[in-house]
Visitor: 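Let me give you the structure first, and then I'll get to my questions.
Order of appearance sets the numbers: ligands from 1, and atoms from 1 within every ligand. Position 1 is the first residue of the sequence, and the numbers go up from there.
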Amino acid sequence: MAAALNILIVGGGTAGWMTAAALASVLKPQLGRIRLIESSEIGIVGVGEATLPHIRYFNRRIGIDERELMAKTQATFKLGIDFVDWGRIGDSYIHPFGAYGSRLAGIPFHQHWLRQRAAGDPTPIQEYSLPIVAARMNRFALPADDPADVMSTFGYAFQFDASLYAAYLRGFAEARGVQRTDGKIVDVKLGSEDGWVESVKLESGEEITADLFIDCSGFRGLLIEQALKTGYDDWTKWLPCDRAMAVPCENEGPLTPYTRVTARESGWQWRIPLQHRMGNGYVYSSNFISDDEAASKLASRLEGKALGVPRPLRFTAGRRRTTWNRNVVAIGLAGGFLEPLESTSIYLIQIAITTLIDYLSDRNTTAGEKFDPRIVAAFNRWIEMEYDRVRDFLILHYHATERDDTPFWNYTRTMRIPDSLAHKMELFRTRGSVITYKDGLFLEPSWLAVYLGQRVMPRGYDSRVDALDAAETAAHLARVRDNIQTALPRMSPHDDFLRVYCPAMPPATMTGARA
Ligand SMILES: Cc1cc2nc3c(=O)[nH]c(=O)nc-3n(C[C@H](O)[C@H](O)[C@H](O)COP(=O)(O)OP(=O)(O)OC[C@H]3O[C@@H](n4cnc5c(N)ncnc54)[C@H](O)[C@@H]3O)c2cc1C
């Protein structure tokens with residue numbers, strides 16, 4: 001039986017508090033002390049506002065009440081992401097959190113749709129997805145459990161105020177015994193023989209030891225990079241956006257149950273509706289547009305009155321070469337950053353935490369070893385794979401375009417892409433095959449949404465569908481559309497649903513909220 005671990009989490013942004021909340025809730029009996037250091041002088045990034053449906057599993061696993069979380073973070077529901085002007089200016093498609101139609105004769109729905117299309121049926125695939133149709137009509141309901149019900153064919157995520165989220169998690173974690181210190185780390189002490197982190201020193205002079213250090217210190221990577229020099233794989237050549245300007249504005253009109261991302265001259269702009277305001281940002285490449293121009297373009301394209309001045313952020317797309325190095329695990333921006341186009345950062349934080357929890361709860365070490373090196377290697381492989389998959393999916397958005405109106409799009413359209421992505425695209429172009437995984441992010445509907453939404457059309461389809469009676473196939477497609485139409489009256493206007501389910505509480509009443 002291994003000894004109880006003392007854990008020090010460095011950083012109190014989304015990553016730090018998600019880690020603290022999860023460890024305290026799930027692993028507490030097996031751990032020693034869980035301590036978190038954050039510096040209010042340095043602050044947090046605090047712009048992660050859009051999430052993926054997986055966050056609901058995280059909430060369930062650690063015991064977070066969804067309605068309370070939503071109310072306290074001014075959250076809205078998210079059924080997908082609306083991509084505007086990506087394939088061509090004037091195009092729009094939604095990447096839905098849910099399926100297109102249902103299989104027929106065990107063959108994926110989109111193969112039947114491709115056959116119908118080849119026979120002259122012009123119905124867009126978007127009409128076979130309930131979350132897309134509902135999002136376009138601003139409607140929302142919780143999904144059904146019964147797999148025979150069309151209302152079970154979608155999932156949902158949240159759009160929330162990231163600073164309130166970290167504050168909420170802080171209250172949750174502290175209530176479960178996490179000890180927080182506000183202080184700035186000024187030195188990191190490494191063991192002279194093994195190079196493991198022994199302690200960190202605060203500006204106050206206090207020195208804090210631990211067995212396992214979780215580096216959630218953001219882009220600076222205080223332990224993983226500044227102390228351990230782990231190295232970073234820079235993916236800017238494929239994901240050239242390296243800066244963002246962010247500014248909230250007042251809400252105008254109904255709250256949409258989706259995030260909108262609009263392709264712009266040198267990057268793209270997000271629009272994320274929250275109950276109390278709209279989050280906006282322009283993510284761009286500094287090689288193609290200046291900061292001043294990006295800020296003024298963003299300000300001129302807001303839907304409501306700006307609530308502040310645009311705030312600049314800088315980043316480098318990529319990931320840390322090793323996420324778990326010696327006794328340091330990097331989570332959040334310290335571990336890597338893939339730009340926020342598909343809202344993947346909080347997912348990557350969550351996956352690192354839950355994988356770590358699985359490995360720690362099964363910590364079986366031989367004498368003299370704190371952590372089984374095979375476990376550490378498996379953890380690193382898993383995180384690498386998650387990053388690589390997200391990377392390819394993001395690159396697809398930039399590369400699969402016909403836009404040639406600016407140097408930025410000419411670069412991304414013609415750049416050399418990773419072989420792994422080129423292979424996936426070729427398979428799709430040949431007969432509509434989508435490479436899927438058993439688990440992890442972005443399954444078949446996600447790839448389909450982007451391929452078809454950005455005009456990557458297959459030359460053929462799976463010939464097995466031709467063995468089916470054409471009338472039977474047409475009837476199946478019509479049934480899917482009918483089912484969606486009959487489900488819509490069971491959904492409410494998104495605003496009405498929020499008012500009943502999770503009306504926002506004023507920030508002052510929140511437990512553990514920071515000024
Ligand atoms: C433009 C942009 C948009 C984004 N949008 C989304 C989105 O829509 N969805 C999504 O999932 N993600 C998004 N993200 C990512 C998301 O913001 C981050 O993943 C998330 O905020 C996690 O940040 P973090 O906790 O790793 O780091 P940070 O928020 O930077 O926190 C770092 C912490 O470390 C502490 N710290 C640092 N140095 C020291 C020190 N010396 N001593 C003591 N403490 C220290 C700081 O005080 C702070 O508490 C976005 C990111 C950017 C840049």
Visitor: Quick one: does ligand 1 sit under 4.0 Å from the side chain of Val10, the backbone, both or neither, non-hydrogen atoms only?
Guide: neither
Visitor: At their closest point, which heavy atom of Ala50 faces which heavy atom of Ser343, and how far apart are they?
Guide: O-CB, 3.3 Å
Visitor: Taking 4.0 angstrom as the limit and counting only heavy atoms of Ala50, give me the atoms of ligand 1 inside it, by number and element.
Guide: 7 (C), 8 (O), 9 (N), 10 (C), 11 (O)
Visitor: Near Leu222, which atoms of ligand 1 are under 4.0 Å from a heavy atom of that residue?
Guide: 40 (C), 41 (N)
Visitor: With distance as the sole test, does Glu225 use its side chain to make a donor-acceptor pair with the main-chain N or O of Gly231 at under 3.5 Å?
Guide: yes
Visitor: My understanding is that only one of Tyr156, Phe97, Phe154 makes a ring pair (Phe, Tyr, Trp, His ring centres under 6.0 Å) with Phe77; could you say which?
Guide: Tyr156
Visitor: Using distance alone, decide if ligand 1 has a nitrogen or oxygen within less than 3.5 Å of any nitrogen or oxygen in Thr14.
Guide: yes
Visitor: Provide the number and element of each atom of ligand 1 under 4.0 Å from a heavy atom of Trp270.
Guide: 1 (C), 3 (C)
Visitor: So that I know where these two stand, are Tyr93 and Phe83 an aromatic pair - ring centroids less than 6.0 Å apart?
Guide: yes
Visitor: Using a 4.0 Å heavy-atom threshold (strictly under), name the region of Ala15 that reaches ligand 1: side chain, backbone, both or neither.
Guide: both
Visitor: Does the N or O separation between Gly332 and ligand 1 drop below 3.5 Å for any pair?
Guide: no
Visitor: Purely on distance, is any nitrogen or oxygen of Leu333 under 3.5 Å from one on ligand 1?
Guide: yes
Visitor: Answer whether the closest heavy-atom distance between the side chains of Ile346 and Leu52 falls below 4.5 Å.
Guide: no
Visitor: Which ligand 1 atoms does Gly183 reach within 4.0 Å, using its non-hydrogen atoms?
Guide: 42 (N), 43 (C)
Visitor: Have a look at ligand 1 and work out which part of Phe337, if any, has a heavy atom under 4.0 Å from it: side chain, backbone, both or neither.
Guide: side chain
Visitor: Could you check whether Thr262 and Gln269, counting side-chain N and O atoms only, form a donor-acceptor pair closer than 3.5 Å?
Guide: no
Visitor: Is the distance between the ring centroids of Trp324 and Tyr359 under 6.0 Å?
Guide: no
Visitor: Run down the list Ser39, Gly43, Gly336 and name the one with the heavy atom closest to atom 48 (C) of ligand 1.
Guide: Gly43
Visitor: Using a heavy-atom cut-off of under 4.0 Å, does the side chain or the backbone of Glu339 touch ligand 1, or both, or neither?
Guide: neither
Visitor: Considering all heavy atoms of both residues, which atom of Asp215 and which atom of Ile224 are nearest to each other, and what is their separation?
Guide: OD2-N, 2.8 Å
Visitor: Output yes when the distance from some N or O of ligand 1 to some N or O of Val45 is under 3.5 Å, and no in every other case.
Guide: yes
Visitor: Just to be sure I'm reading this right: ignoring hydrogens, which of Pro312, Gly279, Gly218, Gly221 gets closest to atom 27 (O) of ligand 1? Compare them by their nearest heavy atoms.
Guide: Gly218
Visitor: For the residue pair Arg389 and Phe393, would you count it as a cation-pi contact if the rule is NZ or CZ under 6.0 angstrom from the ring centre and within 45 degrees of the ring axis?
Guide: no
Visitor: Would one find an N or O of Ala244, backbone or side chain, under 3.5 Å from an N or O of ligand 1?
Guide: no
Visitor: Would you say Ile272 and ligand 1 have an N/O pair spaced under 3.5 Å apart?
Guide: no
Visitor: Are His95 and Ser446 linked by a side-chain donor-acceptor pair shorter than 3.5 Å?
Guide: yes
Visitor: Run the ring-centre check on Trp270 versus Tyr282 and record whether the distance is less than 6.0 Å.
Guide: no
Visitor: For the residue pair Tyr57 and Gln350, confirm or rule out a side-chain donor-acceptor distance under 3.5 Å.
Guide: no
Visitor: Name the option, out of Pro340, Ala334, Ala162, Ser345, that contains the heavy atom nearest to atom 12 (N) of ligand 1.
Guide: Ser345
Visitor: For ligand 1, which atoms, with element, lie under 4.0 Å from some heavy atom of Ile44?
Guide: 29 (O), 48 (C), 49 (O)
Visitor: Which part of Cys216 is near ligand 1, with near meaning a heavy atom under 4.0 Å away: side chain, backbone, both or neither?
Guide: backbone
Visitor: Which atoms from ligand 1 have a heavy atom of Ile346 less than 4.0 Å away?
Guide: 10 (C), 11 (O)
